[in-house]
Structure formats: C-alpha cells, structure tokens
Amino acid sequence: MPNNNKELILSAPLSGPVLTLANVPDAVFASGAMGDGIAIDPLNDTLYAPCAGEVIHVARSGHAVTLRADNGAELLLHLGLDTVELQGEGFSMLVKEGARVSNGQPLLRYDVDKVALRCKSLVSLLVITNGEHFQARPITLKGVKVGEPLLHVVAKTPAETQDEEQAVGIEVFGQVRIAHRGGLHARPAALIRQTAQGFKSRSQLHFQGKTASCDSVMGMMGLAITEQAEVHVSCRGSDAEAALHALLSTLSTALAEEAHAVAPAVKAQHRSAEAGVLHGVCAAPGLVAGPLVRLDGIQLPEDAGRHNVEEQRQQLNSALGHVRREIQLTLENAKARRHRDEEAIFSAHLALLEDPILLDAAHLAIDQGSAASHAWSRSIDVQCKVLQQLGSTLLAERANDLRDLRQRVLRVLLGEAWQFDVPAGAIVAAQELTPSELLQLCAQGVAGVCMVEGGATSHVAILARGKGLPCLVALGDALLVQTPGQSVVLDADGGRLELAPTAERLAQVQQEQRRRATQHAQQEALAHTSAHTRDGVNIEVAANVASRSDAAQALASGADGVGLLRTEFLFVDRHTAPDEEEQRQAYQAVLDAMGDKPVIIRTIDVGGDKQLDYLPLPAEANPVLGLRGIRLAQLRPELLDQQLRALLQTRPLQRCRILLPMVTEVDELLHIRQRLDTLASELGLSERPQLGVMIEVPAAALLAEQLAEHADFLSIGTNDLSQYTLAMDRDHAGLAARVDALHPALLRLIAQTCAGAAKHGRWVGVCGALACDPLATPVLIGLGVRELSVSPPQIAEIKARVRQLDTVKCACLSAELLNLGSAAAVRRACHQHWPLG
Ligand code: PEP
Ligand code: MG
C-alpha cells in the first residue's frame, strides 16, 4: 500500500536549466492543466528515474513514461514538446510497464540531434498527475545535473492530519471572478489568508488545474491568478458556509489602493539615447540633485554544509521571531498613524514570513545539512524565481518583498547592523531597494532613490509615493557602474537620471529644491506662531497624539495643543488593565510634554474594531454598531469611573479637557457630567475640567444644539462620521476610495453642528482625518470650525493654509458646496476656489 503521507524529494531526471511550468512554451503544460511540476531544458541524452517506483505507463511513441513513487505520487516524465508526433523515431525506451525502477535508473534514451530538429522544443516535463493528493515545490530553479535534488513532493493534508473539525465538516464550493487589480498578488493574498484564518474550516483556491491552500500567500500567488479570472473556492469544516461566503466577498472586492487612481502618477518613459543620461520609469515624482551613494545587498559566504540540524533550525526560528517582532512594530506604527498602504504591505510581509512553503523549503535544506542563512536564502531565491516566471509583472515585482524578508532574516543571522550609513541629501542607487530599506532611508533624509530593477507598481514605489520621495526604477545595470559620490540630477518626473549635469543644470535644480525647501522652512518657521486667517480669525491647529513622545513631537512641531489623545494606547497590547495610578501618570506625562498648551483627552474608545484581551466584550453581530465608545459606561461603569478619577488627578486641571466618544444623546453627556461631579467631590476638588463631546455619529450632529447646551466644546470625528453617515465601513478596503468626508452629506452635518454650537457660544473642532487634508481647510473654516487637530508633521502646512484664507469668502463658497451631489464634485470645486500651492 503506498503511504501517501510521506514526503518525497525527486532528483533531476535530466541535466540542464530548470524552468517553472509557467515558462514552458506549451499552453497546456504551462496552464497546469496536466498537473503541477517542473521542466528542464535538457543537455544530456538520457532520462533517469527521479525516485524509486513502479512504471505504470509507457507511451507507445516512446517519448513519455509515468512512474508511481512509493508514496503514491504519479509522475509523468515527458521528453520534449509535441514529440508524440515523431511516432517513436529517435527514442529508445529502456523500461517496461509494471517494472520496478530504482532512483537514478535510466528510463529512456533519445537522439538529441534528431529529436531537437524535428520537435517544437526539447523542454521536458516532470508532472504530478494525481495532484489532488500532492503538491510540488521546486527545490532549485538553477541549472541541475542528473541526480541533484529538484522537486519536493508534499502530500496534501490527508484525512488523518486534518483535525476532527475539518474531517467531520461539510465541504462547500463556490466560484468567483477576481476583482483585484493585477490579479492575486501579495496584499490581496494576505487579506485572503487573514479571512480564511478567521474560520475553523480549511479553505483552498483552485485555478487552472492547480490548488493552493488559503494558508499560504506564496501558494496563492503561485497560482498566477489574473484580474477578472474565474477561481473556484472550496471550504471544508463546521463553518464552511460562512468561510466560503467571506472568501468569495474578499476575492471579489478590490483593495483600496487599487481602487485609487495610483496609476496616473506612474508614467512609463519613452527611452531614447541621450549621452550621460539613464532612462527609467517614474515610481514617485520629484526633481532633486545630490551625491550618488550605492547600497549593496548582503552577499553570503560559501556554505561548507554538514551543519548541526537542531542548531541551525533554532537559529532560523529565533531570527524569524526577531524579524516578526520588528515587522509587528512597523505595523503598529503604521496602524496608529493610519498609514493604510504601509499597513497592508507589512501585513503581507508578516504573512509571508509565516508561509509554509518558504518555511518547509528552508527546514528541508537545513535537514540536508545547510546553514540556516543559506537555507533561508535558497528558499527565498526559489520562490522569487517562481514569481518571476509566472508571466505577470505585478507578481514578478512581489519578489522584492521576498528579498526584503531574505535581507532582514540574514541580517539577524549574520549579526549585521540594520542601519545604513547614508548621508542626508544623497541619491541612493541600488539593484532594488526593499520596502523596509526604503522606510529607513526616508527616515535618514535621503533626497531620492533609483534602482536597476523594480516596477512602478511595486510596494517600494507605493511607499515612496506615500513619503513624497522621488524614485526612479528600471534604470538598468549601467546604474551600478557609476562612480559613487558624483553629483547627479534625479528628474523622476521626466524618468531621467542625469549622470554628468553641467554646473548650470545643477544650479537650476538646486535652486528649485531650495525654493521648495524655503517654502517648507517658511511654513516651519511660522509653525510656532498662532494661525490667523487674513481677516484675523484665530484657528487653533492642534495635534492628534497617542503617547507622551507623540506629544513632545507635536509641541516641537508647533502644535497649539493636543486636539485628541486617544487613550486606547494605554490599554492595548497588554494582558491586564492599567490601574488608576498608571493611567494618571500617563496622562500627566502628556500634559507635561505639552508645556502650557491644552490637552484634550478622550475616554477609552474600545469595542468596534478595537478589542482588548482582558476586557472580553460580548460577541456582537455588528460590533461597530454595538457597545463601543461611551456605551462602555453602560456595560462596565467601574472602568470609566477609574479613568475619570485618573484624569481628575492630573494637574493643572484647566489644561486637561475630557472628550467623550460615540455620544448619541444628551443623557449620556449628563450622566458623565454627574459622575465627574461626584468623583471630583470625593477627591475634594472644587475645579472641574472642561467636558466635550465627539460628533461622530449622525445623531450627535443632528442634536448638536442640544448637546452644546451641556458641553463645553464639540469635536467632530470625521472618520466615524463618514462611516455612519455613508453606511460604509471605514476600514473596508474596497470602499476606501468612496469613504470621503468631503461628501456633501457630511458637510451638511458639519454645518449643522457648527450652527448648533454657535447658539450656545461653544467652539467646534475637527479631530478626524479630514482636518489633515489641506483641500478641506477652507471648507471647514467656512462652515464654522475653529480648531483643527492634525498629525504633527502637518501642523506647519495647515497653519500656512489657514493664513491664506478669508473666513467670509470661505463661508460663502462653502455654503454653495452643500448643494453639490458628491464628494468628487466638492473636491473639484475646492480645487477651483482654493488651489493648492
Ligand atoms: C474619528 O472617528 O474621526 C476619530 C477621530 O476617532 P477614531 O479615528 O479614533 O475613531
Ligand atoms: Mg471615532
């Protein structure tokens, strides 16, 4: 009885360069319809058995033979393409059906010259024909010699390894058209993995005869599923129906970044010979000059082999753990700052780092005596080649994400420094920078980056655009032979790297750089002065912060105060709740970091999308519409009392303002006012901090007048207000382009909020993301907003914008915007009335 649990390493049946099936010049084999496998362009004249087994079929025309390996895998060995038409001429079969063969035994010999002349191609295939039970994972994609390890055959999770849950569950199937632009690349694949992991069922994608588990981002990318392709999905387990439903929805919803018009910023340049100029593709626009600095990747020394398996496994695991923690930090950072692109890219990296295909291959190499560094590097190389050979530019570009993980893990394994020594203002040249390298270079203040390889839709390009860092890709090998230190001009808009700019040209570019820098410096210089409109109205520009260090940065950036301290930062990523004293110290630290400026501290807003380990909230069908924000007072009043007590003990209380999230009716506000009074009396306080209400649900905006009667101020949370007004999940990747707070419906709610507040002489601020959008500044001021709370790096720019405006004009034009029909129309009108500088 064949044991189909057993893994199998197939050795090369031929010598020659190795190709993935996708690269075979034959539509049927390339599509995977015959099964998964690998191909070799042979240089020798004999086909050998890749493993021991039984010959179960010999083609009458002598060009192909099928073996059944001892683990049950059925392997078709097919010599050349369209060789069936030769009717056996030039082939001599050396084995018979039913024969038992040993690994490396010759199976058939052929006349190389004769066959090569008469067939379409000598490219030969090794295909697993019972692929429903097995998966093939290439061990190498470099040239091989007969007998060298070539393919890892892994039994697909057989019944006995499936947990009971899956074994007893039902299996359901569905079919869907892929909506993701460019097909199923790393970010959508990571999203699908995340969706699948939310269920107990085991889910798989099936495409063109191949199958991949939804647990593996690599496996899903390896299917090379194109945009609009039809894919089958299967789920097995007790919650199979729900899993299938969720997966079909994720597969058929494009990502936000794809839906946004990123492409227009990406221009392929027309290449024409021009002395002293390298031509590339613009990945992020800009014009800068600076010294060229070259950055090289890690080179591994030769591996002597025969390493201690346990030791190397441990080294690899601990390096992977280290990198995982690093990526998690980047992710948390991106999440806290709501940098969606960064978040999606590094979430995909995290998923890749746990990918079973990468890990299995690395462990297999370690088991064969490789060093952890070489095993990891080789596993990544093989999968990079797989991606590059799938025939999709987008998937080929994702190989760079794998290279990122290779570099990061190797750095830990080799104990290399993580920081580069690159001077600020430099133009960095590299073969291809990885996403994490780009983030680091950006933090070090480089002027621009250019690469030999890369694509304008790669993750590095997305990050460069997000950071405003000029970036050229696909400049070719000539880039790396340039003398480091030479002054160059990076004209990313024009797709040109000028290697020998004249003094005049350098001066011209430097002048433009200086103009922009001066403008920026002028804005920065005035950042610490209060911002008044032309007609003398003071607009407070405060900062949104999540910690003491954010607050220090905000003060240094010129913030007039903290407009929103999200206190969740104290409560998340821990196993026990912070006590009263710990909370008091944390709030006091933020107040201290802000000098004499006011600080608005929002009471905890958990529930919805933010859950705490130690505060299990009841499972809700619709958590975003459930017990979140101030509604916590209804469920766990003692928690809110504890926070209010901590806040009441900060000093000076005049600078501490309390803000309540998710208020929908006046009673909620009155209840907290009353609790504050009671707690303050218990603490012997005569003073009370100001108490404000967030306007982030339509009910609150519509009741603004009644709320303002009892509140000291109102602060509009445009993120949730958009979500609840437009009935669109604020985190829905496919709807992100449409969750636009400049929608006229929201503008009407903002106008109503300001009018209601004005009746009681209260001021209104905006602490949602709309405050950070300079296009929205005149509209918000026009509608009556007098405080904008933004992220610290934007303070100077928003203040500069305020100083260009006239409130009366803003009020007139904003009133007209309320009559428009869509956010897009509002944006167009804003560009017309108040062009951005
Ligand atoms: C908002 O909803 O606009 C807001 C500022 O709060 P958060 O983003 O924390 O929900
Ligand atoms: Mg909110």
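Here the structure is a predicted model, which means the values were calculated and not measured. Computed over heavy atoms, backbone and side chain alike; hydrogens, waters and symmetry mates excluded. FYI, the numbering just counts along the sequence from 1.
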With a 4.5 Å limit on heavy-atom distance, are the side chains of Leu86 and Phe91 in contact? yes

Heavy-atom closest contact (Cys214 atom, Ala196 atom, distance): CB-CB, 3.7 Å

Do Leu352 and Met218 make a side-chain contact, defined as non-hydrogen atoms from C-beta onward lying under 4.5 Å apart? yes

Can a donor-acceptor pair be found, under 3.5 Å and without considering hydrogens, that links the side chain of Ser11 to the backbone of Pro50? yes

What I want to find out is whether Arg411 reaches Glu437 closely enough, with some N-O distance under 4.0 Å, to be called a salt bridge. yes

Does Lys120 NZ have over 12 foreign heavy atoms under 6.0 Å away? yes

Atom NE2 of residue position His206 - does it have more than 12 heavy atoms of other residues, nucleotides or ligands inside 6.0 Å? yes

Heavy-atom pair of closest approach, residues Gln315 and Ala372: CB-CB, 4.4 Å

Would you call Thr140 and Pro149 a side-chain contact if the rule is heavy atoms closer than 4.5 Å? no

Regarding Thr46 and Arg109, is there a side-chain donor-to-acceptor distance under 3.5 Å anywhere? yes

Tell me if the centroids of the rings in His185 and His180 come within less than 6.0 Å of each other. no

Examine the side chains of His245 and Glu241 and answer whether a donor and an acceptor come within less than 3.5 Å of each other. no

Is it true that Arg118 and Glu89 have a side-chain N and a carboxylate O under 4.0 angstrom from each other? yes

Euclidean distance, Ile366 CD1 relative to Gln314 CD, rounded to 0.5 Å: 11.0 Å

Heavy-atom side-chain contact between Val452 and Glu432 under 4.5 Å: no

d(Cys51 SG, Asn103 CG) to nearest 0.5 Å is 6.5 Å

Closest non-hydrogen atom pair between Leu414 and Ser373, with its separation: CD2-CB, 4.4 Å

What is the distance from atom CG of Asp215 to atom OG of Ser203, rounded to the nearest 0.5 Å? 8.0 Å

Does any pair with a residue in residues 52-67 pass salt bridge (charged side-chain N to carboxylate O under 4.0 Å, His left out), and if so which ones, sequence neighbours excluded? Glu54-Arg68

Closest non-hydrogen atom pair between Thr195 and Ala246, with its separation: CG2-CB, 3.7 Å

With His374, which residues qualify under ring-ring contact (aromatic ring centres under 6.0 Å, His included), at least two apart? none

Does a donor on one side chain and an acceptor on the other come within less than 3.5 Å for Ser436 and Asp404? yes

Heavy-atom nearest pair, Ala39 first then Leu125, reads CB-CD2, 4.2 Å

Name all pairs fulfilling the salt bridge (charged side-chain N to carboxylate O under 4.0 Å, His left out) condition that reach into residues 350-377, sequence neighbours left out, sorted by first residue then second. Arg137-Asp360, Arg193-Glu354, Arg313-Asp367, Arg324-Glu354

Is there a donor-acceptor contact under 3.5 Å from the side chain of Asp41 to the main chain of Gly16? no

Donor-acceptor pair, distance only, cut-off 3.5 Å: does the side chain of Arg177 make one with the backbone of Gln228? yes

Walk me through it: do Thr434 and Asn400 pass the test side chain to side chain donor-acceptor pair (under 3.5 Å)? CA-CA 6 Å; Thr434 65; Asn400 194 34; 5.8 Å; no

Main chain of Cys119, side chain of Asp82: is a donor-acceptor contact present, judged purely on distance under 3.5 Å? no

Here the gap from Gln407 atom CD to Ser377 atom OG, rounded to the nearest 0.5 Å, amounts to 8.5 Å

Counting only N and O atoms by type, is there a donor-acceptor contact under 3.5 Å from the side chain of Asn71 to the main-chain atoms of Glu7? no

Of all the heavy-atom pairs spanning Lys200 and Ser238, show the shortest one and how long it is. CD-OG, 4.3 Å

To the nearest 0.5 Å, tell me how far Leu21 CG sits from Gln208 CD. 12.0 Å

With heavy-atom distances below 4.5 Å as the criterion, would you say the side chains of Val153 and Ile128 are in contact? yes

For the residue pair His349 and Asp401, establish whether any side-chain heavy-atom pair is separated by less than 4.5 Å. yes

Non-hydrogen side-chain atoms of Leu122 and Val115 separated by less than 4.5 Å: yes

Contact between Leu405 and Ile327 at the side-chain level, heavy atoms closer than 4.5 Å - yes or no? yes

In plain terms, say whether Asp45 and Lys114 are close enough for a salt bridge, that is, a side-chain N and a carboxylate O under 4.0 Å apart. no

